[in-house]
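Worksheet: the structure to be examined is printed underneath.
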Amino acid sequence: MDISKVIQDLRDELNQHNYNYYVLDHPTISDFEFDQKLKQLQELEAQHPEYFDENSPTQRVGGAITKNFNTVVHDYRMYSLDNSYSKEDLIDWEHRIQKVLGNVPLQYTCELKYDGASISITYENGKLKRAVTRGDGFQGDDVTTNIKTIKSIPLQLKGNFPERFDIRGEIILPFEGFEKMNQELIEIGETPYSNPRNTASGSLKLQDSAEVAKRPLECLLYFIVGNNLNIKTQFEGLEAARKWGFKVPKEAKLAHSLEDVFEYINYWDTHRHKLPYETDGVVVKVNDFNLQEELGYTAKSPRWAIAYKFKAEQVSTKLNSISYQVGRTGSITPVANLEPVQLAGTIVKRASLHNADQIEKLDIRIGDTVFVEKGGEIIPKIIAVDLTKRTADAVPTAYISHCPECNTALVRIEGEANHYCPNFYGCPPQIIGRIQHFISRKAMDIEGLGGETVALLYNNGLVKNYADLYELTVDQILPLERMAQKSAENLVNGVQKSKEVPFERVLYAIGIRYVGETVAKKLAKHYKTIDALKNATLMDLVLVDEIGEKIAQSVLEFFSNPDNVNTMERLRHFGLQLELVEKHNPNATNILAGKTFVVSGVFEKFSRDDLKKAIEDNGGKVGSSISAKTDFVVAGDNMGPAKLEKANQLKIPIISETDFLEMIST
Ligand code: AMP
Ligand code: ZN
C-alpha cells in the first residue's frame, strides 16, 4: 500500500468535506465521520513525518503561536475605495469615467460591501502560500497561520486555476457566530464585544491560532490580481474564484447601466437587514478589465470602482443624563439616558457609551443634542454631538472617579478600556450579581427564588453572600414585600434542595472569574474535590486540558482570598456537594460514545432532563442545536418545525424515544 497516496486521498477528501460544509453550506457526512477521518489523517501524519504538508487539513485546528507578525510588502498594492452617498455621486462618477474612455458602453459589477477586515491571500500552484493584512496598502502583516484556521478558505484549489495570483477578500464574523461568542462571554461575567467588525479584525492578530480556529470567522472573496490570469472581467473573476473553491457571495450582479445599479442599491438598502452578516454599502466596479486598466488609479483608490454607502438610520435627540452601571464583575459601563425617540422601528431611550475614552472622544455633555444611529450593533450608538445646538453653559463630562454604588475609588488596568470597582466583596451590585449567578438555572437552579428576591434579601440585610442563603428561615423572609407563607416555604425548600446539585455545577455557581460552565466541568472532572482544586498550583492548572493561564490565575486568586475559603467551608458545613460523586450507575454504558444527540419536543417516558442524562450516562453527547455535528435527533411530541426542517435538510436521522430506548438496551 502506498502510504503517501492514502494520505493524499484523505487530505483531498477532507478538503472536499470542508468545502461542502463551509462554502456550499451543504455537508454530506456527519461531523462524527469527519472527525474520525481527520483523526486517521493526524495519526498517519504523525507516523510519517516525511509527508508533512503545511496545507494539510490537519493544520486547520491551529495551535501555532505568533509573537510578532512579520511585515510583508504586497506584490500588488491594496487600494481603498472612494465613497459615494447618493445617486448624483454615482452619475458624476460615470461622467468622469466616460470622459476618460469616451462614450463606450459600460457594464458594472455590483457587489455588497462586506464589513470586516480586508485580507490578501497568495496562491501558488493551487496552494495557499501566505495571507497578509491590508496594513497601509503597501505592506501588511503576515497572518497566514491564523488565516489557515478559517475553514471556508481553501488550502488547496480545485479546477483550472492560474499558477500564481493574489485574491482579496474580507474576513467577517456573521451575526449568529458573533452573538454566540458574546453569550459565552456574558456567561462568565465578561464584557461582550461591541461589534462584529472589530472582533473579526482583532481576531487576525491573535497570537494563539487555536483561539482563532475557535471563532466562527468567514472569508468572502471579491477580487483577483495577478499576471496572465486569462480572465477578462470582474464578474468572470468572481465566477472563476467560486469554481476554484472560494466563498464568493451569490448576491453579486452584473448591471448593464446605472439604472440597473440603482435598482441593486435600492433592493439591498431594504433587504440587507436579512443578510447573515453586516454590510454597509454596495461596491460598483467597471466590469471590463481592459477598461479598468485604462482608467487606472488615483493616489488612494481605483478610478474604476466606487463604494456606495447606505445611510444608517439616524435621529437626533437630547442627552438627559449619564448613568454608570456596575456589573457582576465590577466592570463599569456608562449609559446615556436619552429623550425617547423613534429609530428603526423601536423607541430608543438609552445608548451605551462604552467607556471613558468614548465619552472623551465624543466630548459629549449633559443637555447636548446628539445623533443616534442603529447600525450593525444591537444597542444604538451615539455618533456625534450636534455642536450647533450646544448651549454656552454646557459643562464637559468628568468621568466618575468613584463607584456609584459603594464609593470605592475606581481602577483601570493598563490596556483595558473599562474602569472597574475593586471592592468585589463589598459593592452591592457585585454581591447581588454574584448571588443571582449562584442561584441561576445553569448553576444551583434554586426553585422559588428569583433575581429580584435576591436583591430584596440583600437590601433587607438577610443575605450578604450566597452561603447565607442556607441559613434563611421562613420567619425571616415572611415580613418581606409580597412574601406569603407558601412562597416563603418554597424558597426555603428550594434552597435546601439545591444541596443535591452536583459538584461541577457548584463549581460554576461560586463565580470564579472566567470559570464558565464548560471550564467548571473540566476542573471538576480533573480535580474531583474542591480541596484538590484549592491546593493546585499554577503549573498543575495550566496542564489541565483547555485551561489557560488566565483561568489558572483566576482560580489561584479566588482561593487565596480567606473570605472565599471561609465561604467554601460554610458551604461544606451546610452539606453542598464539594466533591465529584463518581456515579456507579448500573445502567451506564459506552454504547453511544462519539455520538451527538439533540433532544426536541415533549416525551412520555422521560422528562427532557432525564433523557439527556440517559444519553450522557451511555457515553453520548447532548448538543443544544442541530448542526452537521448532530448524529441523531430524538423527537417527542411538538418538535419545533424549524428543527424538523433543519434535521431533514442535513439528513440527520430523527428517532423516537422508543427507538432511543432500544438503542441503549443492547
Ligand atoms: P474603505 O476601507 O472604506 O476604503 O473601503 C475599502 C475596503 O472595502 C476594501 O479595502 C475592502 O476591504 C472592503 N470591501 C468590502 N467589500 C468589498 C467588495 N465587494 N469589493 C471591494 N472591496 C470591498
Ligand atoms: Zn463598587
Side-chain angles (χ1 to χ4, degrees), residues 74 76-85 108-121 131-138 140 166-172 196-198 200-201 204 218-225 234-235 237-238 241-242 246-253 261 264-265 268 272 275 277-287 292 297-302 304-310 324-333 376 400-411 418-434:
H74 294 294
Y76 303 89
R77 183 172 161 197
M78 288 180 84
Y79 286 89
S80 293
L81 288 171
D82 281 339
N83 286 325
S84 63
Y85 301 90
Y108 304 102
T109 305
C110 301
E111 292 160 44
L112 295 172
K113 189 167 190 292
Y114 323 115
D115 205 8
S118 40
I119 191 82
S120 181
I121 316 177
V132 184
T133 62
R134 175 159 103 174
D136 63 2
F138 296 98
D166 285 0
I167 187 159
R168 269 118 198 221
E170 200 82 358
I171 307 290
I172 57 138
R197 189 209 317 116
N198 293 354
S201 88
L204 297 188
E218 279 190 24
C219 182
L220 308 178
L221 284 313
Y222 52 71
F223 188 50
I224 308 168
V225 276
Q234 167 67 9
F235 201 72
L238 295 178
R242 208 174 275 134
F246 292 102
K247 187 157 191 156
V248 178
K250 296 263 166 62
E251 285 80 16
K253 256 211 156 83
V261 172
Y264 186 85
I265 289 174
W268 285 110
R272 67 192 155 117
L275 289 166
Y277 49 81
E278 206 167 344
T279 158
D280 59 346
V282 164
V283 184
V284 187
K285 300 169 183 169
V286 170
N287 194 39
Q292 286 189 4
Y297 298 81
T298 66
K300 250 187 72 225
S301 36
W304 45 264
I306 194 160
Y308 174 90
K309 293 270 186 144
F310 292 128
Y324 296 85
Q325 289 176 348
V326 187
R328 165 163 79 86
T329 56
S331 152
I332 309 285
T333 313
I400 49 167
S401 59
H402 288 73
C403 176
E405 303 280 346
C406 74
N407 212 27
T408 304
L410 299 182
V411 292
N418 285 58
H419 286 74
Y420 73 91
C421 165
N423 185 16
F424 300 134
Y425 301 101
C427 181
Q430 298 190 55
I431 299 171
I432 295 172
R434 251 193 321 272

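Whatever order the structure lists ligands and atoms in, that order sets their numbers, starting from 1.
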For a quick test of reading the model, state the closest non-hydrogen atom pair linking V261 to Y108 and the distance between them. CG2-CD1, 3.8 Å
Residue, atom and distance of the protein heavy atom nearest atom 14 (N) of ligand 1 read E170 OE1, 3.7 Å
Drop me the distance from F235's CZ to C110's SG, to the nearest 0.5 angstrom. 9.5 Å
Taking non-hydrogen atoms only, is V283 closer than 4.0 angstrom to ligand 1 via side chain, backbone, both or neither? side chain
What residue and atom, counting heavy atoms only, is the protein's closest point to atom 11 (C) of ligand 1, and at what distance? Y222 OH, 2.9 Å
Using the Zn ion (ligand 2) as the apex, give the angle to atoms SG (C406) and SG (C421), rounded to 10 degrees. 100°
Looking only at protein heavy atoms, which one is nearest to atom 15 (C) of ligand 1, and how far off is it? Y114 O, 3.2 Å
For ligand 1, indicate whether the residue L112 contacts it via side chain, backbone, both or neither (heavy-atom separation under 4.0 Å). backbone
Would you check if V411 and H419 make a side-chain contact, meaning some heavy-atom pair closer than 4.5 Å? no
Side chain, backbone, both or neither: which part of R168 has a heavy atom under 4.0 Å from ligand 1? neither
So which bit of K113 gets within less than 4.0 Å of ligand 1, heavy atoms only: side chain, backbone, both or neither? both
Look at ligand 1 and say whether F223 reaches it with a heavy atom at a distance under 4.0 Å. no
Could you grab the distance from atom CG of D82 to atom CD1 of I306, nearest 0.5 Å is fine? 6.0 Å
d(D280 CG, K309 NZ) to nearest 0.5 Å is 4.5 Å
Answer side chain, backbone, both or neither: which part of K285 comes under 4.0 Å from ligand 1, heavy atoms only. side chain
Residues V248 and L221: closest non-hydrogen pair is CG1-O, 3.9 Å
Pair Q234, E111: side-chain N/O donor-acceptor within cut-off below 3.5 Å: yes
Just say parallel, tilted or perpendicular for the rings of Y114 and Y277, cut-offs at 30° and 60°. perpendicular
For atom 10 (O) of ligand 1, which protein heavy atom lies nearest, and how many Å away is it? R134 NH1, 2.6 Å
The atoms of ligand 1 lying under 4.0 Å from a heavy atom of E111, numbered in the order shown, are 18 (C), 19 (N), 20 (N)
Check the orientation of F310 and Y308. Use parallel for under 30°, tilted for 30 to 60°, and perpendicular for over 60°. perpendicular
Are any of the N or O atoms of N83 closer than 3.5 Å to those of ligand 1? no
